[in-house]
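Please read the structure below before turning to the comments.
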Amino acid sequence: MDNNIEEKWSKLWYENHVFEPEIDEGIEKFFVTVPWPYTNGSLHVGHGRTYTLGDIIARYKRLRGYNVLFPMGFHESGTPILAFSERLRNNDINTIKLYKSYLSEYEKPEDMDIILEKFKEPENIADYFARVIIKDFKNLGYSIDWTRSFTSADKFYQEIVKWQFRKLESLGLLKKGEYPILYSINDENAVGEDDIKDGDTDKVSIEEFTGVVFKGKNYNLMAASLRPETLYGVTNLWINPEARYVLIGYKNDKYVMSYEGYLKFSFQHENVKLISDVSNNDILNQKFKVPLYGICVSVISASFVDPDNGTGVVYSVPGHSIFDYIYFKNNNIKNEIKNVVKTNSDTNVENLVKKYDLFNNDSKLKEATQELYKEEFYNGILINSGKYSNLSVQEARELIKNDLLKDNNAMIFYETTRKAITRSGSKVIVAILKDQWFIDYSQKWLKEKSHDLINSMKFYPELYRKAMNDAIDWLRERPAARKRGIGTKLPFDENWIIESLSDSTIYMVAYTNRNELYNIYNHLNNINDDILDHIFLNKNLKNKYDDYTMENIVKAKNEFDYWYGNDLRITAPPHISNHLSFYIMNHAAIFSGKYLPGGLMVSGLVISNGAKISKSKGNVISLLETVKKYSADIYRLFIAVGADISSLLDWNEKDLTSIIKKQSMFLSIFENYSDNSDDNNYIYKWFYSSFYKNLKDYFTNMESMDIRDAYISIFYNVLNDLKYVENRGFNINKALKMVMHDWLIALSPVMPYSCEELWHKYVKDSFVSKEYLDFNIDDKIDYNILRSEEYLSRVLSDIREILKIIKYPGKIINLTVYGDIQKNFIENFNNKTLKKEYNMMIKDYMKNKNRIDNNFLDEYYILNENREFIEKSLNMKINIIQCNEILLKNPWPGRPLIKIE
RNA sequence: GCGGAGAUUGCCGAGCUAGGAAAAGGCGAUGGAUUUAGGGUCCAUUUCCGCAGGGAUUCGGGGGUUCAAAUCCCCCUCUCCGCACCA
């Protein structure tokens with residue numbers, strides 16, 4: 001199908017408002033959504049799966065007679081667009097390269113620099129890609145109602161987000177608290193994955209250390225540890241002889257730690273004061289008391305201590321730390337080594353040192369440490385640890401940590417899981433945000449409501465219902481606002497921007513009445529809560545509004561009442577633990593009854609040529625490129641039949657080729673069509689029945705969203721049937737003519753362009769995209785005729801099997817079909833009214849019993865009707881005989897006797 | 001580690017929910033047909049054995065339940081995904 005045809009229909013659909021539905025109380029509505037795309041770049045073949053599935057379902061529901069709303073908007077919230085724009089402003093080479101590659105799909109080379117220049121303003125990136133994505137989606141033939149489109153940066157929409165947050169607040173779901181974040185000291189800003197060097201490939205996260213306080217005469221030492229449960233095994237403390245240590249004041253007490261540690265600590269606690277530097281000798285000359293345990297230990301220099309990890313002070317547990325143990329042995333330190341954790345295995349410090357030969361080869365040091373920690377964490381029991389003895393390591397760790405914190409013997413110290421710098425080269429640490437806003441998803445009433453909702457929804461495939469329920473249980477508080485990024489200002493505190501996933505949980509409501517809300521906002525410059533309460537929650541208006549506003553309010557409410565409930569939302573698995581959970585929980589919190597989500601479809605991931613799609617693998621294939629190269633219908637066909645919805649779909653040339661072949665076969669059958677036949681044969685009746693059997697299977701499968709199976713029936717099987725008619729020597733045009741009308745409608749959800757073109761050429765001058773398909777087709781299927789054809793092919797295959805085994809060439813085939821004798825025998829045998837003279841048939845009957853067909857087809861007639869076909873297929877003559885005697889070896893229904901001469 | 005999904009033929013993948021002659025469909029391979037240059041299209045074959053439509057063996061490994069197990073139950077091995085503030 002050439003691009004001109006696609007363009008033509010795309011334009012005509014748009015001009016004729018084919019996909020812009022209006023309220024019609026007489027018709028049942030169906031409201032389907034897919035997540036709005038994020039507009040920081042162009043889309044690749046993987047992105048297209050969800051959107052295409054959405055369109056296929058929208059189109060299918062339309063042909064089933066539903067009033068279908070399939071809208072689309074754009075997500076512009078969050079930091080990535082901002083970050084990309086900033087990098088362009090900084091002339092970052094990789095970012096420029098990336099955006100040039102996006103632009104090269106759409107623009108002439110000479111225009112690119114001008115556009116790139118504009119991208120230094122973030123909103124231009126968002127606007128630009130929203131525009132090209134619309135173009136991509138139109139090219140793909142999506143039946144989207146673009147008149148209801150909006151973005152998360154639109155002012156009127158942000159009124160809804162604010163309303164939503166005030167609702168959450170009134171429900172007691174908003175909270176404030178402390179929260180650790182990744183932070184750049186130089187930039188004085190929170191940093192995300194995008195801001196960190198190699199942040200996407202080597203993830204940085206936050207680790208919680210226990211900063212244990214060792215009391216001394218003049219000041220305390222703070223040693224940050226991940227394993228507070230080993231406290232009773234402490235033999236000494238370590239500091240680095242080369243590092244700078246400082247004395248700090250905090251909460252009426254004095255502490256010593258490395259300078260780097262102090263910097264981090266000061267971002268995690270309030271009112272931390274740097275007093276002075278402290279000489280290493282001063283520290284080394286003192287003893288410090290181990291909390292809880294109570295003994296005093298000395299401080300020893302150790303070069304392996306990293307001043308930029310934790311506090312730069314480490315407590316030494318040679319019994320359970322391989323680093324400490326090796327340093328003990330290498331430096332001949334005589335302190336007693338104490339064991340405080342017991343496991344049943346041989347995995348302990350000494351054995352691991354031997355196993356990996358760590359004294360001579362420290363390359364495996366980290367690995368061995370991991371192995372030890374894992375073993376002790378999961379299987380360890382505390383010993384020699386005072387009142388904590390006999391507790392499991394997991395219990396003891398929590399308990400000791402809490403006991404230490406309670407008496408100010410420890411403070412929480414956060415550290416990054418690896419050393420990280422931003423793209424601009426400044427250091428990334430963990431800072432504590434005061435007054436972080438959270439949405440509290442941990443509340444029981446909300447979890448219960450959400451589970452109820454999930455259990456009332458439809459899931460495709462079913463397995464995601466459990467995944468969804470689990471995700472809801474696992475969710476706790478979620479930070480819901482950030483200090484920067486594109487988005488809506490938090491209504492209670494304008495210094496905060498609502499976080500980008502939290503501003504997109506109920507946005508589908510605005511698809512129903514986008515234009516009216518837009519009007520109201522433009523007219524009033526805001527949208528009061530009482531208006532939105534009225535429209536969305538059916539509450540009474542509190543204020544008086546002018547006629548224009550009232551008109552829009554009434555219309556907006558009608559639209560919402562008619563369309564809402566999002567009947568089906570389609571996404572990918574990575575959304576389960578975030579977007580979909582928020583979607584469900586926010587709806588459960590705010591809405592009820594028919595306005596709650598109706599169903600969820602989760603489609604598997606798309607890979608490309610066997611590998612995960614990523615820039616580094618070089619297998620990113622742009623959606624636009626694909627459509628240009630192949631065609632929208634080919635892409636859509638691949639999405640529909642390439643894999644089951646739940647399984648992963650591999651985009652590759654080989655599978656694509658076979659789909660292209662099938663599609664061009666389909667097109668050429670139509671191309672060669674002419675209405676020229678008055679031929680009559682039972683094969684046409686068979687084809688007709690078989691077609692409606694396939695259509696019936698199509699309906700069954702589409703109703704349960706098994707799109708692949710549905711299209712194997714209606715596309716592949718029907719094509720094969722047509723070929724079969726042709727191979728049998730009959731007229732393919734006559735067969736095609738009988739089903740063309742219904743076939744094109746049924747295929748149109750997946751191949752809208754081809755079907756639209758063929759429909760206009762051969763059927764009539766209306767839009768196939770708006771045609772309905774009759775669901776009641778049972779009376780069009782003649783099962784007897786389908787069985788006849790099955791019978792025929794079974795006989796043929798039996799004959800072939802025999803021919804294969806016998807080595808001599810036969811000339812004539814005698815086919816003896818069952819007669820009245822056999823029929824009567826079966827009936828009488830079942831009724832136990834068998835006469836004596838038939839007894840000799842019993843043995844033969846029993847032997848073949850489970851292969852006998854109990855539909856008594858007129859086999860004599862069928863074989864005679866198809867005599868020519870059989871003879872031609874086998875290149876042999878056949879004799880057909882109807883049996884009328886009692887035999888030792890009988891023909892039975894479905895199993896004629898075959899004798900080759 | 002926890003939670004989830006999975007292992008079927010040369011390969012990709014159905015079948016498993018409701019147990020009843022395993023191998024749908026596709027790709028690849030083989031043979032044949034076709035005035036097919038080649039790619040194309042069609043027919044057949046593609047676990048093994050078989051000179052009559054038959055038989056045997058198979059669904060990651062090992063047990064069990066059952067007249068009957070790819071399917072239900074238990075154990076083991078291996079693979080993939082998620083584990084949080086990021087769209």
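Side chains are part of it too, since the values below use all heavy atoms of this structure and drop only hydrogens, waters and symmetry mates. Numbered from 1 within each chain, the chains take letters A, B, ... in sequence-line order.
- When Watson-Crick and G-U wobble pairs are counted only if both distances are under 3.5 Å, B:rU65 pairs with no nucleotide at all.
- Listed by chain and residue number, A:Y99, A:Y102, A:F119 satisfy the ring pair (Phe, Tyr, Trp, His ring centres under 6.0 Å) test with A:F129 (two or more places apart in sequence, or in another chain).
- For A:R708 and B:rA24, the shortest distance from a side-chain N or O to OP1 or OP2 is not below 4.0 Å.
- With sequence neighbours excluded, the residues that form a salt bridge (Lys or Arg N to Asp or Glu O under 4.0 Å) with A:D470 are A:K466.
- Using a 4.0 Å heavy-atom distance criterion, A:H579 is classed as making no nucleic acid contact.
- We find that CG of A:N694 is positioned 17 Å from P of B:rA24, with the value rounded to whole Å.
- Between A:Y630 and A:Y635, the distance separating the two ring centers is not shorter than 6.0 angstrom.
- The partner of B:rA70, taking Watson-Crick or G-U wobble pairs whose two distances both stay under 3.5 Å, does not exist in any strand shown.
- At a threshold of 4.0 angstrom between heavy atoms, the contacts of A:P180 with the nucleic acid are absent.
- For the pair A:H75 and A:R476, nearest-nucleotide mapping onto RNA chain B gives the more 5' position to A:R476.
- A:F582 has its CZ atom 12 Å from the C1' atom of B:rA87, to the nearest Å.
- A:N40 comes within contact range of no nucleotide atom at all, as no heavy-atom separation falls under 4.0 Å.
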Dump every N/O contact between nucleotides 35-45 of chain B and the protein below 3.5 Å, one line per pair.
| from | atom 1 | to | atom 2 | distance (Å) |
| --- | --- | --- | --- | --- |
| B:rC42 | O3' | A:N727 | ND2 | 3.1 |
| B:rC43 | OP1 | A:N727 | ND2 | 3.0 |

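- Between A:T79 and the phosphate of B:rA87, there is a side-chain N or O to OP1/OP2 separation shorter than 4.0 Å.
- Across all strands shown, A:E76 has no heavy atoms under 4.0 Å from either base or sugar-phosphate atoms.
- Taking 4.0 angstrom as the limit, A:S500 places a side-chain polar atom (N or O) nearer than this to OP1 or OP2 of B:rA87.
- The interatomic distance linking A:D697 (CG) with B:rG25 (C1') rounds to 14 Å, in whole Å.
- Across all strands shown, B:rC83 pairs with B:rG1; the Watson-Crick or G-U wobble distances both stay below 3.5 Å.
- A:F582 and A:Y441 have their aromatic ring centers within a separation under 6.0 angstrom.
- Residues satisfying the salt bridge (Lys or Arg N to Asp or Glu O under 4.0 Å) test with A:K693, not counting sequence neighbours, are A:D697.
- One interatomic measurement links the two molecules: NE2 of A:H575 to P of B:rC86, which rounds to 16 Å at whole-angstrom precision.
- Legend: residues meeting ring pair (Phe, Tyr, Trp, His ring centres under 6.0 Å) with A:Y716, ordered by chain and number and at least two apart, are absent.
- Judged by Watson-Crick or G-U wobble contacts below 3.5 Å, the nucleotide B:rC42 has B:rG32 as its partner.
- Cation-pi check for A:R794 over A:Y791 is not met; the charged atom does not lie both under 6.0 angstrom from the ring centroid and within 45 degrees of its normal.
- For the pair A:F638 CZ and B:rG13 P, the interatomic distance rounds to 12 Å; values are reported in whole Å.
- Summarising the geometry, the separation between CZ on A:R895 and C1' on B:rA52 is reported as 11 Å, rounded to the nearest angstrom.
- The partner of B:rA56 is B:rU47, judged by Watson-Crick or G-U wobble contacts that both fall below 3.5 Å.
- B:rG6 is paired with B:rC78 under the Watson-Crick or G-U wobble criterion, all donor-acceptor distances under 3.5 Å.
- A:Y698 pairs by the ring pair (Phe, Tyr, Trp, His ring centres under 6.0 Å) definition with A:Y60, A:Y711, not counting sequence neighbours.
- Of the side-chain N and O atoms in A:R482, one or more sit less than 4.0 angstrom from OP1 or OP2 of B:rA87.
- Using N1 to N3 plus N6-O4 or O6-N4 for Watson-Crick, or N1-O2 and O6-N3 for G-U wobble, each under 3.5 Å, B:rG25 pairs with B:rC12.
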